[in-house]
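Just below is one structure, and these are the notes that go with it.
All residue numbers refer to positions in the sequence shown, counting from 1.
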Amino acid sequence: MTRLLYRLPWSPMLAMVLSATMAVGLLWWPDLLTQLSMPMRFPLILLGVWALGAGFTQGMGLEPRASWLRWLVSEPLSWGLLVSFALVLVWRALVLFHGA
């Protein structure tokens, strides 16, 4: 699966679109994260910053020089973070807007 993502030419564009969509969604509906208690909110904000940062970095085609930074924004890890943060946002939207 990892090798497949590396070979897909549209993978960086998809990461950029997904990151931008989540960023605009959070700007439009900040209640997705702000209505959580602080022990839940802080880790999700950190996950979001890391996921969106890695998605934008991958989408722009940037590659950090330091090896530990390169690992933090690597393609498999950034896809895992983007998908997990997107699932959290979808879950929060369902809870907030449908009263579940």
With sequence neighbours excluded, residues passing side-chain contact (heavy atoms from CB on, under 4.5 Å) with Trp71: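 Here the qualifying residues are Leu77.
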Given side chains that start at C-beta, do those of Leu32 and Trp29 come closer than 4.5 Å, heavy atoms only?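 Sidechains of Trp29 and Leu32: in contact.
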Taking C-beta and beyond as the side chain, do Ser74 and Gln58 meet within less than 4.5 Å on heavy atoms?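 No, their side chains stay 4.5 Å or more apart.
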Can you name the closest pair of heavy atoms from Leu44 and Phe85 and give their distance?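 That would be O-CE1, 3.5 Å.
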Per-pair distances, 0.1 Å, donor-acceptor, side chain in residues 16-25, under 3.5 Å, sequence neighbours excluded:
residue, atom, partner, partner atom, Å
Ser19, OG, Ala15, O, 2.8
Thr21, OG1, Val17, O, 2.7

Take a 6.0 Å sphere around CZ of Phe42 and say whether it holds more than 12 heavy atoms from other residues, nucleotides or ligands.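 No, not enclosed.
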Linking I/L/V/M/F/W/Y whenever any side-chain heavy atoms sit under 4.5 Å apart, do [X] and [Y] land together?
{"X": "Met13", "Y": "Val83", "answer": "no"}
{"X": "Val49", "Y": "Val73", "answer": "no"}
{"X": "Leu46", "Y": "Trp68", "answer": "no"}

Set of salt bridge (Lys or Arg N to Asp or Glu O under 4.0 Å) partners for Arg70, sequence neighbours left out: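 Partners of Arg70 by the salt bridge (Lys or Arg N to Asp or Glu O under 4.0 Å) criterion, ordered by chain and then number, come out as Glu63.
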Report the distance from atom [atom1] of [X] to atom [atom2] of [Y], rounding to the nearest 0.5 Å.
{"X": "Leu52", "Y": "Leu81", "atom1": "CG", "atom2": "CG", "value": "10.0 Å"}
{"X": "Leu36", "Y": "Arg92", "atom1": "CG", "atom2": "CZ", "value": "4.0 Å"}
{"X": "Ser84", "Y": "Trp50", "atom1": "OG", "atom2": "CH2", "value": "9.5 Å"}
{"X": "Leu82", "Y": "Leu87", "atom1": "CG", "atom2": "CG", "value": "11.0 Å"}
{"X": "Leu26", "Y": "Trp28", "atom1": "CG", "atom2": "CH2", "value": "13.5 Å"}

